[in-house]
Amino acid sequence: MAATEQQHEQALKKFLDERPELRHELDNLNPLLAQAKGETAAQYRDERLHEAFEDEAERRGLFAWELTLLLTAATPQDYEAQRREVHIEVAEMAGMDWLDYCELYGIKP
């Protein structure tokens, strides 16, 4: 079960709540930059937030969906169970053997 949109929104909120400096930066973006991209200020801000979230996931060696699960799971065990479930789905969709997939992504089978 991949992370839901609701989980992702909760993760973004928690991510931003934990980073007041990022919130300040996002709240004070130059509106001309948004206009230059043909976006509203809100769209531009949202795009920058998603970029920061993805950068943080990459910094931690995670996929963005893994960071979403990490920030929204009730317990570390819940996170691991959800993460494993998604990886199994991804391996199946890719038509990969589970053991090969685990080796590729450093997952304990």
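Numbers here simply count residues along the sequence, with the first being 1. Just so you know, these numbers use all the heavy atoms, side chains as well, and skip hydrogens, waters and symmetry mates.
For Arg83, the salt bridge (Lys or Arg N to Asp or Glu O under 4.0 Å) test picks out Glu66, Glu80, with sequence neighbours left out. Legend: residues meeting ring-ring contact (aromatic ring centres under 6.0 Å, His included) with Tyr44, ordered by chain and number and at least two apart, are absent.
Counting only residues at least two apart or on different chains, the salt bridge (charged side-chain N to carboxylate O under 4.0 Å, His left out) pairs with a member in residues 25-39 are Asp27-Arg45, Lys37-Glu47. Note on residues 78-97: pairs passing ring-ring contact (aromatic ring centres under 6.0 Å, His included), not counting sequence neighbours, are Trp65-His87, His87-Tyr101. Judged as a salt bridge (charged side-chain N to carboxylate O under 4.0 Å, His left out), not a single pair has a partner in residues 99-109 (not counting sequence neighbours). Residue pairs meeting the side-chain hydrogen bond (donor to acceptor under 3.5 Å, both in side chains) criterion with at least one partner in residues 13-24, sequence neighbours excluded, are Lys13-Asp17, Asp17-Arg23, His24-Asn28.
Here the straight-line distance linking atom CD1 of Ile107 with atom CZ of Arg84 works out to 8.0 Å at 0.5 Å rounding. To the nearest 0.5 angstrom, Leu16 atom CG is 6.0 Å from Leu26 atom CG. Between the NE2 atom of His8 and the CG atom of Leu67 there is a distance of 9.0 Å, given to the nearest 0.5 Å. Note that OG1 of Thr75 and CD of Gln82 are 8.5 Å apart. Values are rounded to the nearest 0.5 Å. Here the CG-CG distance, from Leu12 to Leu49, works out to 5.0 Å after rounding to the nearest 0.5 Å. Gln7 CD to Thr68 OG1: the interatomic distance, rounded to the nearest 0.5 Å, is 7.5 Å.
Remark: the backbone N or O of Ala74 is paired with a side-chain donor or acceptor of Asp78 at under 3.5 angstrom. Distance alone, capped at 3.5 Å, places no donor-acceptor pair between the Glu54 side chain and the Glu51 backbone.
Between Leu33 and Leu29 there is no side-chain heavy-atom pair separated by less than 4.5 Å. Leu22 is listed as a side-chain neighbour of Phe15, based on a closest heavy-atom distance under 4.5 Å. Using a 4.5 Å cut-off on side-chain heavy atoms (C-beta onward), Leu104 and Met96 make contact. Within the 4.5 Å cutoff, no side-chain heavy atoms of Val86 are placed close to those of Phe63.
Scanning both residues, Cys102 and Pro109, for their nearest heavy atoms gives SG-CA, 3.8 Å. Ala91 and Trp98 make their closest contact through CB-CE3, 3.9 Å (heavy atoms, listed as atom of the first residue, atom of the second, distance).
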